[in-house]
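Here the structure comes first, spelled out in structure tokens, and everything after it is commentary.
Below, all heavy atoms of this structure are taken into account, side chains as well, without hydrogens, waters or symmetry copies.
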Amino acid sequence: MPTEFITLDGRLTIKFAAVIEKKLKQNKEGFMRFAAFTLWVALLAFCVYRVVEERDYFFILQGVVTLFWMEPGIKSIYASLFVETWKSTIPFADIQSVNSAPLDNSLETQVTLHLKNGRKKFYVFRNAEKQADDFIQAVELQLHGALSFS
């Protein structure tokens, strides 16, 4: 069974009792979500300040409109900041379970590592390379202590 797996945007290696991810292309999506979240909080704080300190009640309407405008992105921002882990090395001691689900395009499969702290790590595998099942099997073997890679 291989100890190196190819994902959509990088490579996963199983060694030293951990899953080690090496990205082949840098993803700036996490930073952009963090910046959007910070901007949203700053805008909301400004609206609350204007209502409380200056008794300008028009800003209540502006806050509500801002929430409706940001609503589609709030869920993904929350998931990026508080659900997904950004670590590139995940020890097997931190993994609780692993599962997979095919994506809507039928060309890729998403494998999810559920960590003991409640966070998740997502990896996307191309179905043509048929490595998702091998990766899941390797992780499950490590979780059950039946095999050790070095």
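Atoms OG and NZ, from S97 and K120 in turn, are 9.0 Å apart once rounded to the nearest 0.5 Å. With rounding to the nearest 0.5 Å, the separation of CD1 in I14 from CD in Q142 is 6.5 Å. The CG atom of L115 sits 8.5 Å away from the CD atom of Q96 when rounded to the nearest 0.5 Å. Taken to the nearest 0.5 Å, the NZ atom of K23 stands 4.0 Å off from the CG atom of D9. With rounding to the nearest 0.5 angstrom, the CD1 atom of I136 is 9.0 Å from the CG atom of L113. Taking CD from E21 and OG1 from T7, the interatomic distance works out to 6.0 Å, rounded to the nearest 0.5 Å.
Linking ILVMFWY side-chain heavy atoms closer than 4.5 Å, directly or via other members, places V139 and L8 in two distinct hydrophobic clusters. Cluster membership for F92 and V111, using ILVMFWY side-chain heavy atoms within less than 4.5 angstrom, is shared. Side-chain heavy atoms closer than 4.5 Å link hydrophobic residues (I, L, V, M, F, W, Y) into clusters, and following such links, possibly through other members, connects V19 to L143. The cluster map of Ile, Leu, Val, Met, Phe, Trp and Tyr, joined by side-chain heavy atoms under 4.5 Å apart, puts F82 and W86 in the same cluster. Side-chain heavy atoms closer than 4.5 Å link hydrophobic residues (I, L, V, M, F, W, Y) into clusters, and following such links, even through other members, never connects F122 to Y78.
In terms of heavy atoms, P91 sits closest to A18 at CA-CB, 3.8 Å. Residues I6 and R126 share a closest heavy-atom pair of CG2-NH2, 3.7 Å. Here the shortest heavy-atom pairing between N117 and R119 reads OD1-N, 3.0 Å. The nearest pair of heavy atoms linking K116 to I95 is CE-O, 3.7 Å. Across all non-hydrogen atoms, the minimal contact from S100 to T109 is CB-CG2, 3.9 Å.
More than 12 heavy atoms of other residues, nucleotides or ligands shown are found within 6.0 angstrom of CG on N127.
The closest side-chain heavy-atom distance from I20 to K22 is not below 4.5 Å. For the pair L12/Q131, no side-chain contact is recorded, criterion being any heavy-atom separation below 4.5 Å from C-beta on. The side-chain heavy atoms of R11 and E4, taken from C-beta on, include a pair separated by under 4.5 Å.
Without hydrogens or angle criteria, K15 side chain to T3 main chain gives no donor-acceptor distance under 3.5 Å.
Aromatic ring orientation, F125 versus Y123: perpendicular (interplanar angle above 60°, classes split at 30° and 60°).
Connectivity analysis of hydrophobic side chains (ILVMFWY, heavy atoms under 4.5 Å, direct or indirect) links V64 to F68.
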